[in-house]
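Shown next, in structure tokens, is the structure this report addresses.
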Amino acid sequence: MKITTFFDNFLKKKSIFSNKKVLQSSYFPDNVLYREEQIMEVANILAPALRLEIPSNLFIFGKTGCGKTLTVKHILKSMEETAQKNNTSLKTIYINCKLKRVADTEYRLIARLIKEFNQQIPSTGLPTDEVYNIFYNILEKENKIIILVLDEIDQLTKKIGDEILYNLTRINSELKEAQICLIGVSNRLFFLDNLDPRVKSSLSKEEIIFPPYNALQIQTILQERAKQAFKPEILKSGVIEKCAAYAAREHGDARRAIDLLRIAGELAERSGSPTVEIYHLDDAEKKIEHDRVINSVVDQPKQFQNVLYSTLLIAKQKNIFFTGEIYDLYKKICKKTKLSILTQRRISDIIAELDMLGLINAKIISKGRYGRTREISLALTEDITIKINELLEKSLGLS
DNA sequence: AGGTATTCACATGAAACTATTCTCTGAGTTAGG
DNA sequence: TAACTCAGAGAATAGTTTCATGTGAATACCTGT
């Protein structure tokens, strides 16, 4: 088939989606379902800002996909609108600290903040306190109340400690004109416990916990989205229910449920099916897992891939193995691929990372007289393993 | 038998080092007046 | 003399290395019966 006819056919085929955007993770719905209570709570706390009084700092907790980000963004938006109407000098800033190479270090976070005030800062080369100074100066000039939301704030402190948070909370006492209100968002409930007590007390004047959605609520949310996203009569009965049930099992993660529905739709469309069936959901579930794993492998450094490759090789021989065995094989493969051999210390960390990514299961055990090590087994299905193996051989230049 | 001490094979932490990427600065060079 | 170039100093960051310390239980070694 010629490629042009393929495209012609593609266009002729009518899509089962009417508006796929609604299911994309970047989509921002007009109203947030089942979070009225939380919205009111947050709004109550932040409202003083509209009268140019600084609100208390606020902390928001809740599992992934339970509407934290959505709620906060929703409120920020309407606050900005109100402020604009009344000509109040209020500025809201939303930053996701998890984004790699955007806001995951002290320097980059401040640089990002400066960018919010339409000024450019070089990505490197300046001393950090210089960047702070620039930031302070901008703030003084702006003379505004600023509401700063730090999403996934735990990622930030995990990497670089809580010094930034301390500095941010201190800004208020150092600045005359502008004032900052901090809102931390995290999905780890005990996050506050390992913070500097000074930071903790000033940061968590108010705390709100978001409960996860239950299956019924997710169902309604999905229905709402599906109504806009798909053309009528596309979804077979039971699809939404199953999708919701699946997500409820995963601690009520609505985002996951929506992703699942979208992928299922895409799969159905690609296979030429006029409707979305239950089995498309199962396929979608597999595909999501598949993509997640592949993506987590592809853009890792060579050494990381090397360790993973060694692990896969050993896993072919036996189900359960230990750190030392991986290290031995790793060294051999390094010679073959002409990579420099890293120390066992580093390999230990890399193995821990593999565990974090869910590629392997590692458990620290003690073999008594024969030492202490990680007991490792592969956490991947057969077909994914083969796929990754291919990928790694290509990437490492083995045939 | 029962109790204690050892010992293995790593895990875990902290600090220091390295290579890369980037800015800023100021000396030296060049072109034009 | 102003504009340009280019090397060198200083920073941030990711990935490592070095050094130090921790650790759980199977075994070795006692002890007294």
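This structure is a prediction, so every number in the text was calculated from the model and none was measured. So that the names make sense, note that chain A is the first sequence line, chain B the second, and so on, each numbered from 1.
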Give a yes/no answer on whether the side chain of [X] brings an N or O atom under 4.0 Å of OP1 or OP2 in [N].
| X | N | answer |
| --- | --- | --- |
| A/Thr323 | B/dC10 | no |
| A/Ser123 | B/dT21 | no |
| A/Arg374 | B/dA11 | yes |
| A/Arg108 | C/dA14 | yes |

ask   = So which pairs with a foot in residues 217-259 of chain A pass ring-ring contact (aromatic ring centres under 6.0 Å, His included), sequence neighbours left out?
value = A/Phe17-A/Phe230
Rounded to the Å, how far apart are [X] [atom1] and [N] [atom2]?
| X | N | atom1 | atom2 | answer |
| --- | --- | --- | --- | --- |
| A/Leu342 | B/dT18 | CG | C1' | 13 Å |
| A/Met356 | B/dT12 | CE | P | 12 Å |
| A/Ile110 | C/dA12 | CD1 | C1' | 14 Å |
| A/Lys302 | C/dT16 | NZ | C1' | 18 Å |
| A/Asn133 | C/dA11 | CG | P | 14 Å |
| A/Leu109 | C/dT13 | CG | P | 11 Å |
| A/Gln120 | B/dC24 | CD | P | 12 Å |
| A/Lys367 | B/dC10 | NZ | P | 7 Å |

query = Out of C/dA12, C/dG22, C/dT18, which nucleotide sits closest to the side chain of A/Thr343?
reply =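 Nearest listed nucleotide: C/dT18.
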note = Residues in residues 344-355 of chain A with a heavy atom under 4.0 Å of DNA chain B, by number, are A/Gln344, A/Arg345, A/Ser348
inquiry  = Between A/Asp104 and A/Thr124, which residue's closest nucleotide on DNA chain C lies nearer the 5′ terminus?
reply    =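 Nearest nucleotide further toward 5': that of A/Thr124.
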request  = Quick one: do A/Tyr330 and A/Asn306 satisfy side-chain hydrogen bond (donor to acceptor under 3.5 Å, both in side chains)? Show the steps, please.
outcome  = CA-CA 7 Å; A/Tyr330 158 82; A/Asn306 202 340; 5.4 Å; no
ask   = Does a donor on one side chain and an acceptor on the other come within less than 3.5 Å for A/Asn86 and A/Thr88?
value = no
Taking the six-membered ring of [Y] (Phe, Tyr or Trp), confirm whether the NZ or CZ of [X] is under 6.0 Å from its centre and within 45° of its axis.
| X | Y | result |
| --- | --- | --- |
| A/Lys236 | A/Tyr279 | no |
| A/Lys205 | A/Phe59 | no |
| A/Lys73 | A/Tyr94 | yes |

inquiry  = When you measure only distances, ignoring hydrogens and angles, does the side chain of A/Arg369 come within 3.5 Å of the base of B/dT7 through a donor and an acceptor?
reply    = no
request  = Identify whether any heavy atom of A/Glu106 sits under 4.0 Å from a base atom; if not, whether one sits that close to sugar-phosphate; answer base, sugar-phosphate or nothing.
outcome  = nothing
message = Which residue in the set A/Gln217, A/Lys63, A/Arg35 passes side chain to side chain contact (heavy atoms under 4.5 Å, CB included) when paired with A/Pro211?
response = A/Arg35
